[in-house]
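The chains referred to below are lettered A, B, ... by the order of the sequence lines, with proteins before strands, and numbering in each begins at 1.
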Amino acid sequence: MAKGALPGFRDFYPQELAERAYLLRTWRDVARRFAFVEYDGPPLEPLELYTRKSGEEIVGQLYNFVDKGGREVALRPEMTPTFARMVADKANALRKPVRWFSVPQLFRYERQQKGRLREHFQLNVDLVGESDVTADAELLAVAVEIVRALGLTQNDVRARVSDRRLLRALLGALGVPEGQAPAVFGVIDKIERQPLEISREKLAALGLGQAAVDAIVGLTGRVSLERLRADYGTVPDVAERLADLERYFGYLRALGVGEWVDLDLKIVRGLAYYTGIVFELFDAHGEFRAICGGGRYDTLLESLGGVDLPALGFGMGDVVLGELLRKRGLMHAERSAADYWVAYSDPAQLGQAMELAGALRRGGASVEYALKAQQLGRQLKAAAAAGVPEAVIVREDHALILKSLASGEERTVRLREGRLV
RNA sequence: GUGACUGUAGCUCAAUCGGUCAGAGCACCGGACUGUGGCUCCGGGGGUUGCGGGUUCAAGUCCCGUCAGUCACCCCA
């Protein structure tokens, strides 16, 4: 259509806003259940905050401009740099572990497509100051409990988990030079999205022998900790990581989310800064993009904020999650209708109706009534159309009738201290 | 940024081979049902067919451009 919101931006009409509110409320509720506390930062940041982490090429994907003070600025495309700065600035004063979450609106200048707009809301949950896998388990449990709270089941959503350090150790055991590891990660990251032969050719082009290529492809298939231990358990680095992962999965089971999680070494996450366990949540039908992604980034706070603290976190956007919920018929909305509709039998009673509405409103209820005097029938029709559950009818004899618009039941009530009794 | 496909009222769609084809349903507003609603009936507002240009006697229907949308690639912080 000719006029409307900018490409990739959304107008939230009351219905859509109610759905968004439902989603964000669930995020906050669950994060708080895990004792995370909310924070926020500025939506506009120095451009340098992002180029320092991701290089100049990131600028092409940012909403950036020069402000009137001559500063290079950008709308935040992600929350992590802001988070890192905030934590680093007060690192010594913060009780560890730091358990913070935020629900920022993020922006990126990219061509939109399904599940990707130029603006979205993203839950960010981060945990700083604990290097053990107990923290990794806690973090993934937050993500899983959120989708559970939204009505999804382990048959709808799967958490796929990998460990970059394990993968690195495995590659080392296969004789892949340390310097080649990132390139191999790149191939593994794409292995699901391109023909296997192409992936094999790319690995061979890195100088890997046939046996190593076969082994790597094998790792990206169905694997289990038992199988890995049997095949590579004699390698000290690998054995150490496997022991950690076994504890990790044990903790996930203890937290009640074990049934949602699969070990899948194909999960690399594009970001270069992940250092340990990484995970993504997908719909089980593979129809949508990743719902959520995150992992451990133990060196990022050091490089961004100069504070050497282990950290991990994940981001979960509202777009893909919303698409999935709608598809499954699970998208709910915060109720937006008023609590009461005050109606009156005689048009001359408009003033009395307004007095009643005023009293109820001061008592905490939301109340609507017909702004122009009209027949009672029309008022009730409007009340029903507005989705209001109950109407209060002011009769000509001044009696108040509370009528359920769903069942039609009526009972006489009285106003007492702003409430109907 | 590259490529493919699509673009008719708020929504879902219709309009034979280009020729009164700019319509329907839903939604919205109003009226009737004469003063307790969601049914029914009647009526109304709303589109220069995304926009611009071209071909033609004639274009929503063909061609080009542009904008927008969808999908894939890129990227995914």
Side-chain angles (χ1 to χ4, degrees), chain A residues 1-11 13 15-16 45 47 49-64 74-84 104 106-118 120 122 124 186 189-190 193-194 198 268-274 280 287-295 297 300 304 313-315 317 319-320 323 341-349 370 372-396 399-410:
Chain A
M1 292 302 147
K3 281 187 175 180
L6 285 168
F9 285 77
R10 298 170 285 179
D11 286 328
Y13 287 84
Q15 175 62 32
E16 284 93 55
E45 290 277 22
L47 179 63
L49 184 65
Y50 305 111
T51 55
R52 187 176 39 181
K53 174 182 159 198
S54 310
E56 290 298 328
E57 60 276 11
I58 192 75
V59 176
Q61 294 166 43
L62 297 182
Y63 264 99
N64 67 298
L75 289 171
R76 59 186 175 194
E78 59 167 326
M79 200 58 182
T80 304
T82 300
F83 172 75
L106 304 178
F107 307 85
R108 55 194 167 195
Y109 196 87
E110 284 189 304
R111 192 145 164 189
Q112 66 166 323
Q113 51 187 285
K114 188 179 184 187
R116 299 183 67 177
L117 304 175
R118 287 183 168 180
H120 72 141
Q122 186 186 73
N124 275 251
D189 188 32
K190 286 191 170 34
R193 300 193 291 273
Q194 62 189 7
I198 302 291
V268 173
R269 304 283 300 149
L271 309 188
Y273 61 71
Y274 285 114
E280 295 185 348
E287 186 181 350
F288 301 93
R289 291 168 181 280
I291 296 166
C292 160
Y297 50 90
L300 189 67
L304 281 183
F314 73 79
V319 180
V320 175
E323 287 172 353
W341 185 288
V342 174
Y344 38 93
S345 302
D346 182 346
Q349 291 180 296
K372 61 181 176 187
Q374 54 189 189
Q375 293 176 352
L376 184 55
R378 190 157 292 284
Q379 295 177 57
L380 292 172
K381 189 178 213 167
V388 177
E390 294 179 303
V392 186
I393 301 167
V394 181
R395 284 201 325 212
E396 289 176 311
L400 302 182
I401 307 297
L402 183 63
K403 179 186 181 72
S404 164
L405 289 168
S407 67
E409 276 180 54
E410 296 184 358

Need to verify one output field. Residue with the more 5' nearest nucleotide on RNA chain B, A/Met79 or A/Leu380? A/Leu380
For A/Ile393 versus A/Ser345, what's the shortest heavy-atom pair and its separation? CG2-OG, 4.2 Å
Any donor-acceptor pair under 3.5 Å between the side chain of A/Arg111 and the base of B/G3? yes
With a 4.0 Å cut-off on heavy atoms, is A/Glu280 in touch with a base, just the backbone sugar-phosphate, or nothing at all? nothing
Look only at the side chain of A/Glu323 and the backbone of A/Gly115, and say whether a donor-acceptor pair between them is shorter than 3.5 Å. yes
Could you check whether A/Tyr63 and A/Phe9 have their ring centres less than 6.0 Å apart? yes
Indicate, yes or no, whether a donor-acceptor pair under 3.5 Å links the base of B/G1 to the side chain of A/Glu110. no
Using a cut-off of 6.0 Å, state whether more than 12 heavy atoms not belonging to A/Tyr109 lie near its atom OH. no
Classify A/Thr80 by what it touches in the nucleic acid, base, sugar-phosphate, or nothing, heavy-atom distance under 4.0 Å. nothing
Taking the side chain as everything from C-beta on, heavy atoms only, tell me whether A/Arg118 gets closer than 4.5 Å to A/Phe107. no
Ranking B/G37, B/G31, B/C73 by distance to the side chain of A/Arg378, first place goes to B/G31
Could you identify which residues of residues 402-409 of chain A place a heavy atom less than 4.0 Å from some atom of RNA chain B, listed by residue number, or say none? A/Lys403, A/Ser404, A/Leu405, A/Ala406, A/Gly408
If you count the non-hydrogen atoms of other residues, nucleotides and ligands that lie under 6.0 Å from CD in A/Gln375, is the total more than 12? no
Once Watson-Crick and G-U wobble pairs under 3.5 Å are found, how is RNA chain B written in dot-bracket notation, 5' to 3', with | for any base paired to another strand? (((((((..((((.....[...)))).(((((.......))))).....(((((..]....))))))))))))....
With nearest nucleotide decided by heavy atoms, which residue, A/Leu376 or A/Leu117, maps closer to the 5′ end of RNA chain B? A/Leu376
Any N or O donor-acceptor pair linking the side chain of A/Glu410 to the base of B/U36 at under 3.5 Å? yes
Any side-chain N or O of A/Gln112 less than 4.0 Å from the OP1 or OP2 oxygen of B/G69? yes
Any N or O donor-acceptor pair under 3.5 Å from the base of B/C75 to the side chain of A/Arg116? yes
Contact check, residues 385-395 of chain A vs RNA chain B, heavy-atom distance under 4.0 Å, returns A/Ile393
So A/Ala384, base contact, sugar-phosphate only, or nothing? Heavy-atom distance under 4.0 Å. base
Distance-only, no hydrogens or angles: does the A/Arg116 side chain make a donor-acceptor pair with backbone N or O of A/Val319 under 3.5 Å? no
